[in-house]
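Take a look at the structure below.
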Amino acid sequence: LGVLADRVDEILDPMSRDRVDAVAAGFLEAGMPKRTAVRLARLRHLPRALAVLDLAERSKKPALDVAREFFAVGRQSGLFGLIRWIDEQQPDAYYDALAYRSLRRQLDHLLQELVLKLVGQPGTPEEKLARISGGAAGADSLSIPDEQLGPAALMVVASRMRRQFGLGR
């Protein structure tokens, strides 16, 4: 975990780095010391780091390689965009909140399966995804009409992505 924390700037995708920088800037504006602000802003990726360590153990690959693959695949597949959209939702209804939580778990699991499938293959994450998906683009929350961005529609998107990337149920 320490190795990943020390190399976070080279592991994170550019969008995730920008989000960490923005959060750290907010902490700095509030008067927090820079080192503390940056460390606290990076904590948002702790659950992903733990997933990376689990995937590294399961794949028998170095954690740093798995981390790079994880963030590149998450971005290239469109899964990070969908996960980010779900995280930004504030559903009023209890059942919608449960549906979003369930969908978030499904997308996290899909990403982990995808990384396990790709981490040992040759090529860049982009090349690997293109190879297994037949060149089809990943899902993007910005390309889905607003009226379709609900839990049920996103579950269908997740199911299609599973098939697209050749993953089981």
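Everything numeric here is computed off the predicted structure, so don't read it as measured data.
- Between the CG atom of L107 and the NE2 atom of H109 there is a distance of 11.5 Å, given to the nearest 0.5 Å.
- R75 places none of its side-chain heavy atoms less than 4.5 Å from the side chain of P125.
- Using a 4.0 Å cut-off between charged side-chain N and carboxylate O, R84 and D87 make no salt bridge.
- Shown here for K61 and G120, the closest heavy-atom pair between the two residues is CE-CA, 3.9 Å.
- Once rounded to the nearest 0.5 Å, the distance linking CG of D65 with CZ of F70 reads 15.0 Å.
- What you find for A24 and A37 is that their closest heavy atoms are O-CB, 3.8 Å.
- Proximity of M32 to R39: side-chain heavy atoms (C-beta onward) are nowhere separated by under 4.5 Å.
- In this structure, I83 CD1 and Q106 CD are separated by 11.5 Å, a value rounded to the nearest 0.5 Å.
- Remark: K128 engages E69 in a salt bridge, criterion side-chain N to carboxylate O under 4.0 Å.
- P91 approaches A97 most closely through the heavy-atom pair CG-CA, 3.6 Å.
- V119 and L50 fall within the same hydrophobic cluster, defined by Ile, Leu, Val, Met, Phe, Trp and Tyr side-chain heavy atoms under 4.5 Å apart, directly or through other members.
- The distance from the CZ atom of R42 to the CG atom of D21 is 8.5 Å, given to the nearest 0.5 Å.
- Both L46 and V52 belong to a common hydrophobic cluster when Ile, Leu, Val, Met, Phe, Trp and Tyr are linked at side-chain heavy-atom distances under 4.5 angstrom.
- Between R131 and P122, the closest heavy-atom pair is NH2-O, 2.8 Å.
- Scanning both residues, L116 and S59, for their nearest heavy atoms gives CD2-CB, 3.8 Å.
- Taken to the nearest 0.5 Å, the CD1 atom of I132 stands 5.0 Å off from the CG atom of L114.
- At most 12 heavy atoms of other shown residues, nucleotides or ligands fall within 6.0 angstrom of atom CD in Q90.
- Other residues, nucleotides and ligands contribute over 12 non-hydrogen atoms within 6.0 Å of the CD atom of Q121.
- Neither V38 nor L40 shares a network with the other; the hydrophobic side chains, linked directly or stepwise wherever heavy atoms of I, L, V, M, F, W or Y lie under 4.5 Å apart, form separate groups for each.
- Between Q76 and E127 there is no side-chain heavy-atom pair separated by less than 4.5 Å.
- F71 pairs with exactly one of V115, V8, I11 by the side-chain contact (heavy atoms from CB on, under 4.5 Å) rule, that one being I11.
- Between the CZ atom in R105 and the CD1 atom in I86 there is a gap of 12.0 Å [rounded to 0.5 Å].
- A56 and P62 make their closest contact through CB-C, 4.3 Å (heavy atoms, listed as atom of the first residue, atom of the second, distance).
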Verdict with reasoning, L53 to L4, per side chain to side chain contact (heavy atoms under 4.5 Å, CB included): CA-CA 9 Å; L53 293 176; L4 296 179; 3.8 Å; yes
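- Taking the side-chain hydrogen bond (donor to acceptor under 3.5 Å, both in side chains) definition, one finds that R58 meets it with D54, sequence neighbours left out.
- Contact check for L111 versus F80: side-chain heavy atoms found under the 4.5 Å cut-off.
- Both F27 and L43 belong to a common hydrophobic cluster when Ile, Leu, Val, Met, Phe, Trp and Tyr are linked at side-chain heavy-atom distances under 4.5 angstrom.
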